[in-house]
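As the structure is a prediction and not an experimental result, all values here were calculated from the model. When reading the values below, keep in mind they use all heavy atoms of this one structure, side chains included, and skip hydrogens, waters and symmetry mates.
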Amino acid sequence: MRMSLLFVPTLKEDPQEAEVISHRFMLRAGLIRQLSAGVYTFLPLGWRTLEKIIRIVREEMNRAGGQEILMPAMQPAELWKETGRWDMYGPELVRFQDRRGRDFCLGPTHEEVITDLARREIRSYRQLPLLLYQIQTKFRDEIRPRFGIMRAREFLMKDLYSFDRDVNGLQVSYQKMYEAYCRVFRRCGLEYIAVPAESGIIGGDVSHEFLIIAGSGEERVFICLSCGSATTVEEARCPQCGGVVEEKRGIEVGHIFQLGTKYSEPMKAYFVDRDGKEKPLVMGCYGIGIGRTMAAAIEANHDERGICWPLALAPYEVVVIPVNMKKTKHWEEAWSIYEELSQAGFEVVLDDREESAGYKFAEADLIGFPIHVIVGEKTERNGVVEVKLRKRNERAEVRRTEVCEFLRKIRKELAE
RNA sequence: CGGGGCGUAGCGCAGCCUGGUUAGCGCACACGGUUCGGGACCGUGGUGUCGGCCGUUCAAAUCGGCUCGCCCCGACCA
């Protein structure tokens, strides 16, 4: 992609409405724009990153045996009355009526809809276990939308629901998801931790939160350095081993629950087991905040100049910067490197704008391309380009002829 | 919902307290020229229902009331 054609409205100054770092950089780097409190548009670069997270999540859900579906955001009140949540959920539930005066809501989560589907379609234990998921926009009229995209009123979420014959089956599904979540966050290049958690309004017995470790995180986590166990409750400091406890801060990006029969009982979602008896489906549900993961990734990976994307989440992997557009040599070499890298399968942007070098450097840092290839005087004189790694702030001079090979190695290294 | 803050050009702000010329500055934008390895410089130019409504006054960005929106802190959440 050529930078001159990319729609990236960057901001030199901090927008007054943004205080939190990820929010500031997302606005400044031209990733998002706000429409209303807690409601955002994703611009091309922001959407690319979001799609990268989605792809990783999707691959890992599929790998764990999940099957993707898409449920409606618009849901009839009747379902919510069956579980009692129409009254329980409160004003956070976005409610409205259709033209005939029938009550509906915009789904903040989908237990009711999926359980309704399950009770209609699952008859026999032979159909179990079943893991269904979707990646979809959720609506929650938050008391107080906050921190930009971090707590939005409209946001993208991956939610998976497991259906099993019994508690043993549920535990197997739960364990699969637990591991899938670990893989998702590891592949995103993020430092994460899983901690036992309260299950809140979703209900159920066992539950874990997945947190991205970031200094600005709202939640405190206590990690035992000897046994590795973690908790969010200060008093419960891993008394079992008595080791040294380290406190860190984290941002909740995922939550998994063992629901049991909390929804299947009231909604009468039964199946016939091997013994011929009717039993309620044993359920679990598993969520990942997609946008939140993006914000958390920035909270955990930035410096004063801007974002330092992990390779896996960067909107583009490489930016090629010709220092002086007036010098034919810079321009030609930059173009040929751009072509070569594109051919080689890199996601690369060519900064072909008539801007000063300093301007391009500052913007490349802000946006956070993991790899910068700078074509300038050294290229003209010695046939070398400068390769800069954004996150480590390391620079290397590489011969023009070896650029592609060098970047292949770097990419492999950064991917680990 | 309680507490605090903000709303003036696309963005960041000054002006308001103490009402009174044509509402200003920086950035951005357009055109011309000079620059070109860390957000360049010079010149020229365009840009405003001063968030909205009502009121006070000869006169309101400025004073008063109401209202809308946004941000931050608290109780809830991916």
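A donor-acceptor pair shorter than 3.5 Å cannot be found between the side chains of A:D351 and A:Y338. A donor atom on one side chain and an acceptor atom on the other are not found under 3.5 Å apart for A:Q175 and A:Q171. Side-chain polar atoms of A:T379 and A:H330 form no donor-acceptor pair below 3.5 angstrom. Using modelled atom types and a 3.5 Å distance limit, the side chains of A:H110 and A:Q75 yield a donor-acceptor pair.
The side chain of A:R140 places no N or O atom within less than 4.0 Å of a non-bridging phosphate oxygen (OP1 or OP2) of B:C76.
Less than 4.0 Å separates RNA chain B from no heavy atom of any residue of residues 170-187 of chain A. RNA chain B is contacted by A:R305, A:V323, A:N324, A:K326 of residues 302-332 of chain A, taking any non-hydrogen atom closer than 4.0 Å. For the contact set between residues 60-73 of chain A and RNA chain B, defined by any heavy atom under 4.0 Å, there are no members.
Nucleic acid contact class of A:A152 (heavy atoms, under 4.0 Å, all strands): base. Among the protein residues, A:T293 comes within range of no part of the nucleic acid, since none of its heavy atoms lies under 4.0 Å from any strand. Note on A:F147: only backbone sugar-phosphate atoms sit closer than 4.0 angstrom, heavy atoms only; bases stay farther off. Counting non-hydrogen atoms under 4.0 angstrom, A:R33 reaches nothing in the nucleic acid. Within the nucleic acid shown, A:G254 comes within 4.0 Å of sugar-phosphate atoms alone, with no base atom in reach, counting heavy atoms only.
Between A:R63 and A:E59 there is no salt bridge, since none of the side-chain N atoms of the basic residue sits less than 4.0 Å from a carboxylate O of the acidic one. Salt-bridge formation is detected for the pair A:K327/A:E377: a Lys NZ or Arg NE/NH1/NH2 atom is positioned less than 4.0 Å from an Asp or Glu carboxylate oxygen. With respect to A:R119 and A:E82, a salt bridge is recorded, a charged nitrogen being found less than 4.0 Å from a carboxylate O. Residues A:R183 and A:E60 are paired through a salt bridge, judged by an N-O separation under 4.0 Å between the basic side chain and the carboxylate. Under a 4.0 Å N-O distance rule, the pair A:K262/A:E111 does not qualify as a salt bridge. In summary, A:R48 and A:E51 do not engage in a salt bridge, as defined by a charged side-chain N under 4.0 Å from a carboxylate O.
Atom-to-atom, CG of A:L35 to P of B:C71 comes out at 12 Å; the value is rounded to the nearest Å. One interatomic measurement links the two molecules: CZ of A:R151 to P of B:C71, which rounds to 13 Å at whole-angstrom precision. Atom CD in A:E142 sits roughly 13 Å away from atom C1' in B:A75 (whole-Å rounding). Atom pair A:D351:CG and B:G39:P shows a separation of 15 Å (rounding to whole Å applied). B:A78 atom C1' lies 16 Å from atom CE of A:M294, rounded to whole Å. Atoms CD (A:E333) and C1' (B:G37) sit 17 Å apart, rounded to a whole Å. Remark: C1' of B:U35 and NZ of A:K360 are 14 Å apart, rounded to the nearest angstrom. Counting to the nearest Å, the C1' atom of B:U35 and the CD atom of A:E354 are 12 Å from each other.
Separating the C1' atom of B:U21 from that of B:A59 is a span of 13 Å, rounded to the nearest Å. When the P atom is used for both B:A14 and B:U8, the distance is 11 Å, rounded to whole Å. For B:G48 and B:C63, the C1' atoms lie 23 Å apart once the distance is rounded to whole Å. On the C1' atoms, B:C76 is 15 Å away from B:G2, given to the nearest whole Å. Distance check on atom C1': B:C54 versus B:A60 gives 13 Å, rounded to whole Å. Taking atom C1' on both B:G24 and B:C53, the two are 27 Å apart, rounded to the nearest angstrom. Nucleotides B:C17 and B:U62 are separated by 9 Å at their C1' atoms, to the nearest Å. To the nearest whole angstrom, the two C1' atoms, one in B:A28 and one in B:U49, are 23 Å apart.
For A:L366 and A:F155, each mapped to the nucleotide of RNA chain B holding its nearest heavy atom, the one lying further toward the 5' end belongs to A:L366. Heavy-atom nearest nucleotides on RNA chain B were determined for A:F210 and for A:E386, and the one closer to the 5' end corresponds to A:E386.
Under the Watson-Crick and G-U wobble criteria, each requiring two contacts below 3.5 Å, nucleotide B:C76 is left unpaired. Pair assignment for B:G48: none, as no Watson-Crick or G-U wobble contacts are both less than 3.5 Å. Partner assigned to B:C70 is B:G5, using Watson-Crick or G-U wobble distances below 3.5 angstrom. Base pairing annotation: B:C25 forms a Watson-Crick or G-U wobble pair with B:G12, both donor-acceptor distances under 3.5 Å. Nucleotide B:U34 forms a pair with B:A40, judged by Watson-Crick or G-U wobble geometry with both contacts under 3.5 Å. Nucleotide B:G20 has B:C58 as its partner under the Watson-Crick or G-U criteria, with both atom distances under 3.5 Å.
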Full working for side chain to side chain contact (heavy atoms under 4.5 Å, CB included) between A:M157 and A:R292:
CA-CA 9 Å; A:M157 177 168 148; A:R292 187 117 121 196; over 6 Å; no
Begin from the C-alpha positions of A:E78 and A:K81 and carry the test salt bridge (charged side-chain N to carboxylate O under 4.0 Å, His left out) through to its verdict.
CA-CA 5 Å; A:E78 286 67 35; A:K81 286 176 179 163; 5.2 Å; no
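The side chain to side chain contact (heavy atoms under 4.5 Å, CB included) test with A:M3 is passed by exactly one of A:E355, A:E363, A:K360: A:E363.
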Identify each atom pair where a protein N or O and an N or O of nucleotides 40-47 of chain B are less than 3.5 Å apart, giving names and distance.
| from | atom 1 | to | atom 2 | distance (Å) |
| --- | --- | --- | --- | --- |
| B:A40 | OP2 | A:S356 | OG | 2.9 |

N/O to N/O distances under 3.5 Å, protein versus nucleotides 2-11 of chain B:
| from | atom 1 | to | atom 2 | distance (Å) |
| --- | --- | --- | --- | --- |
| B:C6 | O2' | A:Q16 | OE1 | 3.4 |

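In this structure, A:F25 and A:H302 have tilted ring planes: the angle between them lies in the 30° to 60° band. The aromatic rings of A:F257 and A:H255 lie parallel to each other, their planes meeting at an angle below 30°, with 60° marking the opposite boundary. Using cut-offs of 30° and 60° on the angle between ring planes, the pair A:Y174 and A:Y286 is tilted.
Separation of the A:F210 and A:Y178 ring centroids falls under the 6.0 Å cut-off.
A:E347 approaches A:A314 most closely through the heavy-atom pair OE1-O, 4.4 Å.
Residue A:R395 places a side-chain atom within donor-acceptor reach of the base of B:G38, judged by atom type and a 3.5 Å distance cut-off alone. A:E363 contributes a side-chain N or O that forms a donor-acceptor pair with the base of B:G39 under 3.5 Å.
Counting only distance, with no hydrogens or angles, the side chain of A:R33 and the backbone of A:P9 share a donor-acceptor pair below 3.5 Å.
Counting only residues at least two apart or in different chains, salt bridge (Lys or Arg N to Asp or Glu O under 4.0 Å) contacts with residues 89-99 of chain A are absent.
Checked against B:C27, B:C76, B:G37, the side chain of A:K12 finds its nearest nucleotide in B:C27.
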